[in-house]
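Read through the structure below, which is laid out as structure tokens, and then see the notes.
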Amino acid sequence: MDNYVVMIGLEMHCEISETNTKVFSGAKNEYVDVPNSNVSAVDMAFPGVLPVVNKKAVEHALKISMILGCTQPEYMYFERKNYYYPDMPKNYQITQETKPIPVGIYGSLKFDCKGEEKTVRINNIHLEEDAASLDHYETFSTVNYNRAGVPLLELVTEPDIRSADEAVAFLETMRCIYQYAGISEADSRKGQIRCDVNVSIMEKGKDESDPKNWGTKVEVKNVNSFGGVRDAINYEIERQIELKENGTYDEMEQQTRRWDEDTFTTIFMRSKVDAIDYRYFVEPNIPKYKISNEWKESIRASIPKLANERKEIYMNEYGLSEYDSKVIVKDKSISDYYEETLKLGADPKISANWLTSVILGHLNKTETTINELFLTPNMLVDLMNMVSSGKISSKQSKEVMYKVLEEEKEPKVIVKELGVEQISDDKTIRDIVIPLLDEHPDLIEDHKKGKNTFDFFVGQVMKATRGKANPSLTSQIIREEMDKR
Ligand code: ADP
Ligand code: MG
């Protein structure tokens with residue numbers, strides 16, 4: 001391993017989920033369980049139907065192109081990629097190849113991998129339609145056209161990635177961008193993110209910037225989870241090193257393999273020499289469309305604050321540590337939850353503390369997401385308010401929180417059940433303090449002479465109320481009553 005440099009290039013597919021309809025038809029773009037319920041004549045390629053480009057999908061595509069610092073084209077074009085497969089009733093996919101240019105070329109993404117900043121160059125990003133999904137059974141297969149025509153973005157990187165960790169960090173950063181930019185939920189469990197990984201190795205010490213020195217590219221198709229990306233890359237690195245060590249690497253042809261989740265191996269599919277000729281040509285049913293500067297500027301202005309910008313605000317305006325800020329922005333739904341508590345009047349630091357300590361720990365332990373959490377931002381704010389108003393102590397609030405999460409009951413209900421409500425009522429405490437002072441005139445004298453007998457009285461009140469008296473109010477009342485004597 002130490003003798004080789006690993007080169008990885010990713011082709012990341014991300015479905016755009018934030019459009020109402022599909023990219024070329026009026027069928028709903030919605031993830032549903034009932035097969036073939038969101039399908040139109042266009043998705044089924046009935047005779048005589050024509051595609052109509054979804055403007056919103058193009059805007060999302062241009063938005064991501066801008067975020068990644070790519071160059072946008074002057075005109076929008078599409079191309080046909082011809083092939084026969086049951087997931088594609090038209091027998092071609094409408095996509096964008098490098099010519100004419102896609103929605104973006106030559107950008108880059110900076111991201112953090114285990115505390116180190118990395119940069120990966122983006123070769124291009126293009127907009128296309130997703131294919132139907134196939135389910136294979138023992139003796140037959142089924143086709144679900146709900147996915148046919150779902151807008152799909154494909155992003156192609158240069159081979160600048162050097163390890164499985166870097167590949168996963170890159171993908172996590174991209175997922176985050178898709179979510180923050182309001183383009184996609186980017187949920188790999190729903191199959192919204194899928195990757196092809198390209199892996200090769202070369203001897204250390206050679207000039208990495210010269211493609212002549214690169215190793216033979218092996219493409220692993222359709223890896224559907226980030227864990228799969230990590231495992232597939234690590235498997236390929238090991239497999240290729242073995243070929244180098246036994247002297248057969250140079251015989252290896254450029255090839256396409258697939259990741260097999262059952263055996264945890266990559267399996268040979270086809271060699272590049274049998275590469276399919278897709279006979280690309282410009283899609284004649286979609287006229288080229290001018291991308292005006294005004295349109296571009298309005299799209300650029302619509303880009304919301306992304307994770308990094310929110311992180312800066314958390315650090316500079318709310319005084320959170322860099323670590324906590326990073327933890328919160330890593331997942332948009334957590335950051336949104338946090339901001340919701342602030343809108344409801346929460347103290348930024350206290351709210352962040354609850355999130356990064358107790359709540360995220362609970363989500364990890366139960367393997368759930370914050371959207372499934374019983375505790376709403378409203379309830380969290382309720383709990384924080386109970387502490388700041390002295391209704392419960394901050395120590396007790398921890399106990400309440402654990403019970404809320406465990407028993408899924410509102411904080412105010414748990415506070416009642418636990419009987420931890422603090423006594424913050426002036427009269428109740430004063431009625432304990434007055435007879436107590438009456439009993440100990442000697443200690444009041446001592447106090448006046450400068451001896452500390454104050455803590456004794458506080459302790460007695462706590463004892464009488466089984467710790468429920470609000471400590472600061474208790475001290476205040478004792479002081480007032482002593483001063484009267
Ligand atoms: P193709 O035309 O075969 O699809 P591309 O040149 O478009 O190949 O590259 C596809 C992907 O493979 C890109 O992400 C690119 O960075 C990556 N890639 C190209 N050459 C190599 C290599 N030698 N090792 C690893 N990845 C590579
Ligand atoms: Mg390719």
Side-chain angles (χ1 to χ4, degrees), residues 1 4-14 64-65 68 70 79 81-83 93 95-109 111 118-128 152-171 173-174 193-223 229-230 232-241 243-244 249-259 266 268-280:
M1 172 94 211
Y4 304 103
V5 173
V6 177
M7 289 206 145
I8 302 163
L10 295 174
E11 293 160 85
M12 178 189 196
H13 292 90
C14 180
I64 195 73
S65 161
L68 294 172
C70 293
E79 278 191 312
K81 176 180 182 176
N82 298 282
Y83 67 94
Q93 178 194 28
T95 179
Q96 300 180 308
E97 261 292 295
T98 41
K99 252 186 257 161
I101 66 170
V103 288
I105 47 168
Y106 307 141
S108 70
L109 179 68
F111 61 101
K118 304 281 175 189
T119 306
V120 167
R121 289 168 300 151
I122 308 295
N123 177 282
N124 77 81
I125 180 149
H126 54 271
L127 178 62
E128 58 191 22
L152 190 65
L153 288 165
E154 178 174 349
L155 179 157
V156 182
T157 77
E158 297 293 345
D160 294 344
I161 297 165
R162 292 286 170 272
S163 69
D165 279 345
E166 276 181 41
V168 172
F170 173 88
L171 293 172
T173 308
M174 277 311 303
I193 293 183
R194 302 184 304 267
C195 290
D196 302 336
V197 295
N198 300 271
V199 186
S200 70
I201 54 174
M202 64 184 270
E203 276 91 46
K204 220 169 226 168
K206 287 192 175 164
D207 177 7
E208 290 170 32
S209 64
D210 184 354
K212 280 206 290 292
N213 294 327
W214 296 356
T216 308
K217 188 186 83 167
V218 172
E219 180 183 31
V220 185
K221 277 240 176 267
N222 274 322
V223 194
V229 167
R230 181 188 303 279
I233 290 173
N234 285 332
Y235 178 84
E236 262 313 302
I237 294 172
E238 243 176 74
R239 193 184 70 83
Q240 292 180 24
I241 288 178
L243 297 180
K244 282 264 190 199
Y249 184 87
D250 292 340
E251 295 163 24
M252 184 181 74
E253 287 174 331
Q254 252 200 46
Q255 59 191 265
T256 301
R257 303 175 74 91
R258 68 178 173 85
W259 174 240
T266 62
F268 181 87
M269 284 170 75
R270 58 178 179 262
S271 153
K272 254 307 186 211
V273 281
D274 332 304
I276 308 156
D277 180 356
Y278 292 112
R279 302 274 166 144
Y280 286 99

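Counting starts at 1 for both ligands and their atoms, following the listed order. All heavy atoms count here, side chains included; hydrogens, waters and symmetry mates do not.
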Problem set entry | For ligand 1, the portion of Lys272 having any non-hydrogen atom under 4.0 Å away | side chain

Exercise. With backbone taken as N, CA, C and O and side chain as the heavy atoms from C-beta onward, which portion of Leu10 lies under 4.0 Å from ligand 1: side chain, backbone, both, or neither?
Worked result: backbone

Where ligand 1 meets [X] - atom numbers and elements under 4.0 angstrom, heavy-atom basis:
{"X": "Met7", "answer": "24 (N), 25 (C)"}
{"X": "Trp214", "answer": "20 (N), 23 (N)"}
{"X": "Pro159", "answer": "16 (O), 26 (N), 27 (C)"}
{"X": "Gly215", "answer": "23 (N)"}

Exercise. Given Ile161, Val156, Thr157, Val6, which one has a non-hydrogen atom that is nearest to atom 15 (C) of ligand 1?
Worked result: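 Comparing heavy atoms across Ile161, Val156, Thr157, Val6, the nearest one to atom 15 (C) of ligand 1 lies in Thr157.
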
For this session: Between Lys217, Glu11, Glu158, flag the one that comes closest to atom 8 (O) of ligand 1 by a heavy atom.
Result: Lys217

Distance-minimising heavy-atom pair for [X] and [Y]:
{"X": "Ser65", "Y": "Gly104", "value": "OG-CA, 3.5 Å"}
{"X": "Glu208", "Y": "Trp214", "value": "O-NE1, 2.8 Å"}
{"X": "Ile125", "Y": "Pro102", "value": "O-CB, 3.3 Å"}

Exercise. Picking from Arg257, Arg258, Lys217, Lys221, what satisfies salt bridge (Lys or Arg N to Asp or Glu O under 4.0 Å) with Asp196?
Worked result: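 It is Lys221, the one option of Arg257, Arg258, Lys217, Lys221 that forms the salt bridge (Lys or Arg N to Asp or Glu O under 4.0 Å) with Asp196.
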
Exercise. In Å, rounded to the nearest 0.5 Å, how long is the span from OG1 of Thr266 to CD of Gln255?
Worked result: 8.0 Å

Seminar exercise, completed: When rounded to the nearest 0.5 Å, the distance separating CG of Asp160 from CD of Glu166 is 9.5 Å

Exercise. So, does Gln254 sit close enough to ligand 1 that a heavy atom of it is under 4.0 Å from the ligand?
Worked result: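 Gln254: no contact with ligand 1 (<4.0 Å).
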
Exercise. Should Ser200 be counted as touching ligand 1, given the test is an N or O pair under 3.5 Å?
Worked result: yes

Exercise. Below 3.5 angstrom, do we get any N/O pair linking Val199 and ligand 1?
Worked result: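 No; every N/O pair is 3.5 Å or more apart.
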
Exercise. Within a reach of under 6.0 Å around CZ of Phe268, are more than 12 heavy atoms found that belong to other residues, nucleotides or ligands?
Worked result: yes

For this session: Please say whether more than 12 non-hydrogen atoms of neighbouring residues, nucleotides or ligands are located less than 6.0 Å from CD in Gln254.
Result: yes

